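So the structure is just underneath, and the comments pick up after that.
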Amino acid sequence: MHEFEQWEDAVIADLEPLKAEGLKLLEAYAGQLDVERVQDMTILFPCTFVLAGPLELRDRARYLDYRLQVTLIIGDRNVRGSVAATRGDASSPGVYRLLELARSRLHNKKLLKGWAPLIVTSEAPLVYAPGSDICLYEAIYETKAVK
């Protein structure tokens, strides 16, 4: 099994409890959020897509140094507008809450044998559309193989 599959599966399994917080969809990212189709995809929100990569392989004397990124794409939609989609309300958790919950589960956590714990390196908006009812953010985590 490729490292991408291993990491996507491990992160998805670890984030499964977020469904109790109102998350509807949690799966590996396979191009679902085509820019022209984002508005049509909002029926799946709140969602978290998991994408492993890039994987950097560096030759270090006699061994390969593996470094990997795992990206979460977190989206929510709220008919009350983008502020409610980011901050949440009674009808949805909001992207900020989902980012916080994911970070509390993943940051500094060792998920796979032979790999260092995941470290969150950034969280940022992916789509900034204040006039819409959707909000998309990404959270980037990094890890490296350990001997």
Side-chain angles (χ1 to χ4, degrees), residues 1-78 82 84-89 91-129 132-147:
M1 181 182 283
H2 194 278
E3 291 88 353
F4 290 168
E5 291 175 275
Q6 293 173 8
W7 274 103
E8 288 171 356
D9 291 351
V11 170
I12 288 168
D14 197 69
L15 293 180
E16 190 69 27
L18 270 60
K19 288 185 176 178
E21 297 289 332
L23 187 66
K24 274 190 193 174
L25 180 70
L26 174 63
E27 63 184 45
Y29 180 73
Q32 295 98 322
L33 293 173
D34 182 300
V35 173
E36 284 99 35
R37 293 189 51 223
V38 168
Q39 195 66 35
D40 297 335
M41 294 285 299
T42 59
I43 195 160
L44 303 174
F45 289 6
C47 70
T48 298
F49 292 107
V50 179
L51 171 65
L55 173 66
E56 294 180 22
L57 305 155
R58 296 185 183 138
D59 191 11
R60 302 275 189 216
R62 295 175 155 159
Y63 67 95
L64 283 176
D65 179 28
Y66 289 73
R67 294 181 181 275
L68 178 86
Q69 279 188 353
V70 176
T71 301
L72 305 182
I73 300 170
I74 298 175
D76 201 357
R77 168 187 187 275
N78 195 304
S82 60
T86 55
R87 296 179 179 217
D89 62 11
S91 67
S92 67
V95 169
Y96 292 167
R97 176 88 176 125
L98 293 172
L99 284 166
E100 181 181 33
L101 289 167
R103 189 183 333 134
S104 72
R105 293 200 57 81
L106 297 175
H107 179 66
N108 210 24
K109 186 170 187 181
K110 185 176 175 103
L111 292 181
L112 291 176
K113 184 178 179 183
W115 290 85
L118 284 170
I119 302 297
V120 64
T121 60
S122 70
E123 294 177 347
L126 260 180
V127 173
Y128 179 71
S132 76
D133 60 351
I134 64 168
C135 181
L136 283 173
Y137 270 65
E138 71 176 354
I140 298 175
Y141 292 79
E142 293 181 359
T143 186
K144 63 182 180 177
V146 293
K147 298 288 178 194

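All of these numbers come straight from a predicted model, not from anything done at the bench.
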- Note on the structure: dist Leu99:CG -> Ser104:OG (nearest 0.5 Å) comes out at 11.0 Å

- Item | Heavy-atom check, side chain of Cys47 versus side chain of Ile74, under 4.5 Å | no

- Query: Does any non-hydrogen side-chain atom of Asp76 lie less than 4.5 Å from one of Pro93?
  - Reply: yes

- Residue list, salt bridge (Lys or Arg N to Asp or Glu O under 4.0 Å) with Lys144, at least two apart or on another chain: none

Under 3.5 Å, which donor-acceptor pairs do the side chains of residues 4-11 form with other protein atoms, sequence neighbours left out?
residue, atom, partner, partner atom, Å
Glu5, OE1, His2, N, 3.3
Gln6, NE2, Met1, O, 3.1
Glu8, OE2, Ala52, N, 3.1

- Query: Does the Arg105 side chain pair with the main chain of Asp14, one donor and one acceptor, at a distance under 3.5 Å?
  - Reply: yes

- Message: Under 4.0 Å between a side-chain nitrogen and a carboxylate oxygen: does that hold for Glu142 and Arg67?
- Response: no

- So, His107 side chain and Ile119 main chain: donor-acceptor pair closer than 3.5 Å or not? no

- Query: Which atoms form the tightest heavy-atom contact between Ala139 and Glu123, and what is the distance?
  - Reply: CB-CG, 3.9 Å

- Query: What's the spacing between Tyr66 OH and Trp115 CH2 if we round to 0.5 Å?
  - Reply: 7.5 Å

- Sub-3.5 Å donor-acceptor pair from the side chain of Lys109 to the main-chain atoms of Leu118, do we have one? no

- Message: Holding to salt bridge (Lys or Arg N to Asp or Glu O under 4.0 Å), I want the full list of residues that pass it with Glu3, two or more places apart in sequence or in another chain.
- Response: none

- Message: Taking Glu56 first and then Arg58, would you say they form a salt bridge - that is, a charged N and a carboxylate O separated by under 4.0 Å?
- Response: yes

- Query: How long is the gap from CG on Leu15 to CG on Leu72, to the nearest 0.5 Å?
  - Reply: 6.0 Å

- Task: Kindly say whether Tyr141 contributes a backbone atom to a donor-acceptor pair with the side chain of Thr121 at under 3.5 angstrom?
- Result: no

- Task: Take Arg103 and Glu100, measure what salt bridge (Lys or Arg N to Asp or Glu O under 4.0 Å) needs, and give me the verdict at the end.
- Result: CA-CA 5 Å; Arg103 189 183 333 134; Glu100 181 181 33; over 6 Å; no

